[in-house]
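Counting convention: from 1, in listed order, for ligands and their atoms alike.
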Amino acid sequence: MDKLIVEGGRPLRGQVRISGAKNAALPLMAAAILADGPVRLSNLPVLGDLLTMGRLLTFMGGRVELGGIAPNEAELDLTGLSRPEAPHELVKTMRASALVLGPLLARWGRAKVALPGGCAIGVRPIDLHLKALRAMGAEFDLSGGDIVARAPQDGLKGAEIRFETPTVTGTENLMMAAALAKGRTIVANAAREPEVVDTGQALLAMGAKIEGLGSDAISIEGVESLAGASYVVMPDRIEAGTFLAAVALTGGEITLVDFPHEALAPVTDKLKETGLTLTPKGPNLLAQSAGAIMAADVTTRPHPGFPTDMQAQFMAMMAAAKGTSVITETIFENRFMHVAELRRLGADIALEGRTAVVRGVASLSGAPLTASDLRASASLLLASLAARGESQIYRVYHLDRGYEGLDRKLSSLGAAIRRVKA
Ligand code: EPU
């Protein structure tokens with residue numbers, strides 16, 4: 001297990017390219033199950049969760065070449081799939097394994113997927129996925145911790161579905177299932193996240209008929225078959241936002257290449273309030289720190305609200321801001337695991353239920369820290385970059401699950417980070 005040793009206090013300068021989006025790449029890999037030919041994905045980030053998804057599809061009997069053709073490219077051929085199963089071993093390390101359920105039911109008529117348990121940020125059930133697929137005719141039994149699923153003999157049928165709450169992977173799962181179902185599926189209260197749109201666009205490239213992407217009402221007309229296709233994964237808005245929070249904390253100026261301007265607008269609007277100067281340069285963005293961070297309040301919401309996946313990084317910024325910030329988390333019930341660790345750096349944070357009141361302090365000071373989940377680990381790394389002295393961050397495998405070489409990229413901008421075996 002690796003740990004990071006961070007020496008704080010170095011401003012960031014230079015240029016860095018944003019990787020492909022983890023949360024778009026995961027459903028896109030699962031979508032390959034639907035295709036009658038190979039699917040080629042480029043701009044694929046090389047990170048832990050994608051390797052896990054690759055292992056899962058290989059376990060099922062698929063051919064997955066990750067990085068074999070070119071770095072950050074993959075070819076997936078799932079046409080010879082022999083074992084439509086997602087075992088507990090793989091699902092427990094990555095909840096997104098549930099994304100194979102819809103495609104397996106649509107393409108192969110059956111699936112066995114281990115029921116995901118709780119995770120660090122909350123209970124995160126998949127009841128809404130199951131309810132929606134049930135409306136399309138699927139049947140589910142629970143056996144030995146696995147969901148054993150079957151589609152009707154003549155396949156899934158289009159249905160009208162209204163999600164009680166917008167779910168990102170639920171919308172993606174349903175869209176993939178509906179793409180090969182008989183008739184029309186209408187999804188109301190659908191998730192509008194850019195990664196849902198990216199998944200839909202890849203399905204369109206494969207021959208699916210989908211309308212309303214990016215709105216909360218998506219309509220899918222099932223087709224007989226989907227073809228293989230080539231698709232470029234969108235840039236990762238959360239990685240981009242993480243770099244912006246980093247430069248706000250350290251000072252300096254950086255250029256982010258291949259910046260997802262529109263997808264990240266809910267975050268960039270907020271970061272401008274905190275004093276960061278952001279200048280679009282075509283597909284890139286120049287970010288300049290003003291030297292001080294102004295406090296601002298944030299409430300996480302489904303897109304186009306402020307994303308929960310940026311809450312922890314924003315809190316690291318507020319810990320070192322001028323003034324008091326109120327941060328409310330409405331998506332996950334337990335996504336404040338970073339609070340106790342940020343306090344170890346000297347942050348002044350009071351927690352009450354789903355709200356954190358962060359009183360900015362004049363300076364943070366380095367400490368040993370333990371990462372608890374993906375975005376929490378990013379938050380600790382950012383705060384350490386701003387802290388006086390040395391921090392050591394343990395359990396960085398959480399970071400490696402969801403970022404492509406974040407410590408390496410930050411180092412290329414001048415951060416002092418060393419990775420050693422713990
Ligand atoms: N929910 C249910 N039942 C369901 C599905 C969701 O109650 O069947 C609840 C959840 O517990 C949560 C809310 O609905 O309270 C929204 O959850 P959602 O289903 O949208 O989350 P997800 O699809 O499991 C994806 C991302 C997360 C991101 C959330 C919210 C992927 C692979 N994961 O998760 O990403 O936080 O949407 O935007 O796309 C991360 O990258 O760090 C990460 C956790």
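At the shortest separation from atom 34 (O) of ligand 1 among protein heavy atoms lies Arg124 NH2, 3.2 Å. Among protein heavy atoms, atom 33 (N) of ligand 1 sits closest to Asn23 ND2, 3.7 Å.
Taking Phe259 as the reference, His261 meet the ring pair (Phe, Tyr, Trp, His ring centres under 6.0 Å) condition, with sequence neighbours excluded. Residues forming a ring pair (Phe, Tyr, Trp, His ring centres under 6.0 Å) with Phe306 (at least two apart in sequence, or on another chain): Phe314.
Here Arg150 pairs with Asp141 in a salt bridge; the nearest charged N to carboxylate O distance falls below 4.0 Å. Ionic pairing of Glu160 and Arg184 is not present here: no N-O contact between side-chain nitrogen and carboxylate oxygen is shorter than 4.0 angstrom. Under the 4.0 Å criterion applied to side-chain N and carboxylate O atoms, Arg10 and Glu7 are not assigned as salt-bridge partners. Using a cutoff of 4.0 Å between basic side-chain nitrogens and carboxylate oxygens, Lys22 and Glu239 are not scored as salt-bridged.
Heavy atoms of Thr169 found under 4.0 angstrom from ligand 1 belong to the backbone as well as the side chain. For Thr308, every heavy-atom contact with ligand 1 shorter than 4.0 Å involves the side chain, none the backbone. When heavy-atom distances to ligand 1 are checked against a 4.0 Å cut-off, Asp309 comes that close only through its side chain, counted from C-beta outward.
Looking only at side-chain heavy atoms (C-beta outward), Ile33 and Val100 come within less than 4.5 Å of each other.
Residue-ligand proximity, Ile126 to ligand 1, at heavy-atom distances under 4.0 Å covers atoms 4 (C), 8 (O). Close contacts between ligand 1 and Val168 involve ligand atoms 18 (P), 19 (O), 20 (O), 23 (O), 25 (C), 37 (O), 38 (O) [criterion: under 4.0 Å to a heavy atom]. Of all the atoms in ligand 1, the ones that sit under 4.0 Å from a non-hydrogen atom of Thr165 are 14 (O). Interface of Ile331 with ligand 1, defined as ligand atoms under 4.0 Å from a residue heavy atom, comprises 12 (C), 15 (O), 16 (C). Near His129, meaning under 4.0 Å from one of its heavy atoms, ligand 1 places the atoms 8 (O). Of all atoms in ligand 1, numbered sequentially from 1 with element shown, those under 4.0 Å from a heavy atom of Arg335 are 36 (O), 40 (C), 42 (O), 43 (C), 44 (C).
Using a 4.0 Å heavy-atom cutoff, Lys22 is listed among the residues neighbouring ligand 1. Taking a 4.0 Å cut-off on heavy atoms, Gly402 fails to register as neighbouring ligand 1.
By the 3.5 Å distance cut-off applied to N or O atoms, Thr167 is counted among the residues near ligand 1.
A cation-pi arrangement is absent between Arg40 and Tyr231 under the rule of less than 6.0 angstrom and at most 45 degrees off the ring axis.
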